[in-house]
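We use all heavy atoms of the structure for the numbers below, so side chains are in, but hydrogens, waters and symmetry mates are not. Order of listing sets the numbers, starting from 1, for every ligand and every atom in it.
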Amino acid sequence: MENIIPSAKFNQYPVFVTYSPTKGRYFVAKRDIALGEVVLKCLPLSTAPFDNHRKRYCHTCKIYNSSSNSFKFYCKSCDLCYFCDRECFNQCFPIDQKIYEKNLKVNDEKVIYNKSLFLKHELTCNISRKFSTWNINDKHMKSVVRLLVQILAERLIEKRNDLNNENSSELNEQTSSVFISKNSDFPVALKNNFQDFLLLQSHLLDWPNDIKRDWLKHEKFLMNLLKSSKLLDEDDKFDDLLHMISKIESNGFGVYYKCKGKSILFGRAIYPYASFFNHSCDANCDAILSTLVDDESELLCNDKKLHGEMNFVALRNILKGEELTISYIQDENGLLPLQSRRQKLLSEYYFLCQCCKCITDEKQYRKKKKNVKNRNVKLNM
Ligand SMILES: C[S@@+](CC[C@H](N)C(=O)[O-])C[C@H]1O[C@@H](n2cnc3c(N)ncnc32)[C@H](O)[C@@H]1O
C-alpha cells in the first residue's frame, strides 16, 4: 500500500504522490496552483460503455455522440465495438490498411493503425459475443467485467511483448494512444499499463458478505468464459479476479456526457494514475472528460486525439504542499450532512471519509453533543 509512485512519472505536472496511514497515497501540489489550471491529464487504460450506450461510443477515439442513434461502423462479430467513422474503424481493423494509408491523413500527419487496439479487440471479441448469454441485468456488474476483460487482455499483450523480447516501449507507446500527433499539446496525457493497475487499492476484504455472495454466484460462468478465451493465467484463482474487480470498483471513474445541463453517466473507465486523487467533501479539483458534448449536442473538443483524455482542473487557487482532491460523490451544493456523506462513501467505496471537512464537521458534532449532554446534566441537578 505504501507503494509510492516515483515523482518522475509526474515531472510535467505540478503534483507528486505521497502517503498517509489514514488515507493511503495521495496527490500533493508541488507548487502554488492557480484556479482553472490543469494539474493532471490521463488517458484511459480501459473503458466500458453501458450496453444501451455502446452504439454511440467510439471504441477507437472514445467520443460519445449523443446526437447519433447508432454509429454506422461496428464489429459485426461482437456487436460491442462501434466506430464514429471509417478512419476509427480502420484503426482497429487494419484490413483496409493499404487503402487507408494511401487516402487518409489527419492534419497532414500520418495516422497509423493502433496495434494495441487491434490486438485487444482480437483477444476480447469472442468473449464479448458470449457476454450476451450472461444472465444478468446488473449494468454495473457487466461494465465492471467488461473492464476486467480488457485489463486481462492488456496483461496478456504486455506479457507476450515481454516474452517476444520486443521493445516494450514501442507497444506501450501505442497502448492508449489513438492518434500519434507530432505537435501534441504539452504536457501530454499520461499513459498506463497493467503494472500501474496492479498498484491500485483493493477493498475486497472490506466487502460486505452480500456483495461477495453476488459475485460468487457468477464464479463458474466467469471463470469458464475467461478460461475459454485464454485470458487467464494458470494460477489465477477467482479470488485474484475479485481483487481486480475490487480495484476496478474502488478506482474506476464514471464517464458522463452532458445533455440539457445534466450530466448523464454512459459507462466506466480506468485511469490508474488518476486514481491517486483521494476524495474530499470539499474537493479542490474536478475531472473533465474531453468527450463531453454540450447542450446542443455539439462536441466541445474536435481534436480526436484528445477524446477519452481526462483532465483534472483546479477549482480554486491551491497552495504548495496542499493535498489535491476530487469528489467521489455528487453533492454539488455541499448540502449533504456529515452522516449522509460518510454513509454514501462507506457503502459505495468501503472507507470512512477522513477529509478536512468531515473531520471539522465531526469535531463540531461532538462538541454540540457534549454541550447538549452537559445542559441535560445541569437541568437534572
Ligand atoms: C481511488 S483510491 C485513492 C488513492 C488511495 N489513497 C491509494 O493509496 O491507492 C481510493 C481509496 O483511497 C482511500 N481514500 C480516498 N479518499 C479518502 C478519504 N477522504 N478518507 C479516507 N480514505 C480515503 C480509500 O481507501 C479509498 O478506497
Side-chain angles (χ1 to χ4, degrees), residues 1-7 9-10 13 15-29 39-47 140 143-144 147-148 151 190 192-208 211-212 242-255 268-287 289 310-312 315 318 322-331 334 336-363 365:
M1 245 297 280
E2 281 116 289
N3 262 328
I4 299 201
I5 308 303
S7 294
K9 295 264 183 206
F10 306 104
Y13 294 97
V15 302
F16 64 91
V17 178
T18 187
Y19 172 81
S20 101
T22 47
K23 296 196 281 184
R25 296 158 296 183
Y26 60 94
F27 280 124
V28 175
V39 298
L40 194 73
K41 286 179 177 187
C42 292
L43 288 167
L45 178 66
S46 62
T47 48
H140 166 73
S143 71
V144 168
L147 289 171
L148 175 71
I151 285 165
L190 295 175
N192 305 261
N193 58 28
F194 178 71
Q195 295 308 319
D196 301 320
F197 171 75
L198 280 187
L199 289 175
L200 302 182
Q201 195 178 351
S202 154
H203 274 289
L204 180 60
L205 302 179
D206 305 314
W207 277 11
I211 302 277
K212 202 161 181 185
L242 288 182
H243 269 296
M244 290 195 203
I245 285 171
S246 174
K247 282 175 196 280
I248 292 172
E249 288 196 325
S250 288
N251 295 278
F253 284 81
V255 279
R268 277 171 207 287
I270 297 288
Y271 294 81
Y273 287 152
S275 290
F276 296 113
F277 276 102
N278 270 350
H279 162 86
S280 169
C281 298
D282 182 23
N284 54 15
C285 294
D286 197 10
L289 190 67
M310 192 75 93
N311 288 358
F312 294 85
L315 290 175
I318 300 170
E322 259 186 77
E323 179 175 0
L324 297 169
T325 53
I326 56 174
S327 177
Y328 297 180
I329 53 174
Q330 282 191 323
D331 179 20
L336 281 181
L338 171 71
Q339 276 80 359
S340 316
R341 299 193 312 260
R342 279 194 158 163
Q343 188 46 42
K344 216 169 160 41
L345 289 159
L346 256 182
S347 61
E348 289 174 25
Y349 292 92
Y350 313 111
F351 71 88
L352 183 73
C353 186
Q354 301 290 347
C355 76
C356 295
K357 185 171 175 186
C358 282
I359 288 178
T360 312
D361 285 3
E362 192 180 11
K363 276 186 192 153
Y365 173 77

(request) May I have the step-by-step check of salt bridge (Lys or Arg N to Asp or Glu O under 4.0 Å) for K344 and D331, ending in yes or no? (result) CA-CA 11 Å; K344 216 169 160 41; D331 179 20; over 6 Å; no
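- At least one N or O atom of K23, backbone or side chain, sits closer than 3.5 Å to an N or O atom of ligand 1.
- Below 3.5 Å of separation, one finds no N or O of Y26 facing any N or O of ligand 1.
- Not a single heavy atom of Y19 sits under 4.0 Å from any atom of ligand 1.
- Judged by distance alone, the side chain of S275 and the main-chain N or O of N251 form a donor-acceptor pair under 3.5 Å.
- For L200, the closest heavy-atom approach to ligand 1 does not fall below 4.0 Å.
- Here is the list of ligand 1 atoms found below 4.0 Å of a heavy atom in F277: 3 (C).
- Between L345 and C353, the shortest heavy-atom distance links the atoms CD1-CB, 3.7 Å.
- Here D196 pairs with nothing under the salt bridge (Lys or Arg N to Asp or Glu O under 4.0 Å) rule; sequence neighbours left out.
- In this pair, Y271 and F253 present their aromatic rings perpendicular. The plane angle is above 60°, beyond the 30 to 60° band.
- A heavy-atom separation below 4.0 Å is not found between L199 and ligand 1.
- The shortest N or O to N or O distance between S250 and ligand 1 is not below 3.5 Å.
- Interface atoms of ligand 1 facing H203, defined by a heavy-atom separation under 4.0 Å, are 24 (C), 25 (O), 26 (C), 27 (O).
- Where the criterion is an N or O separation shorter than 3.5 Å, residue side chain and backbone included, H279 meets it with respect to ligand 1.
- Below 4.0 Å from some heavy atom of C353 lie the following atoms of ligand 1, by number and element: 19 (N), 20 (N).
- Every atom of ligand 1 with a heavy atom of L352 under 4.0 Å away is listed here by number and element: 20 (N), 21 (C).
- Counting only heavy atoms from C-beta outward, the side chains of Y13 and L190 approach each other to under 4.5 Å.
- Residues Y349 and Y328 come closest through the heavy atom pair OH-O, 3.6 Å.
- Residues meeting the salt bridge (Lys or Arg N to Asp or Glu O under 4.0 Å) test with E322, sequence neighbours left out: none.
- Ring geometry for H203 against Y350 counts as tilted: the plane angle lies between 30° and 60°, on a 0 to 90° scale.
- Judged by the shortest distance from any of its heavy atoms, Y350 lies outside the 4.0 Å radius around the atoms of ligand 1.
- At a heavy-atom distance under 4.0 Å, no atom of L345 approaches ligand 1.
- Of all the listed residues (G24, S275, P272), S275 holds the heavy atom that lies closest to atom 4 (C) of ligand 1.
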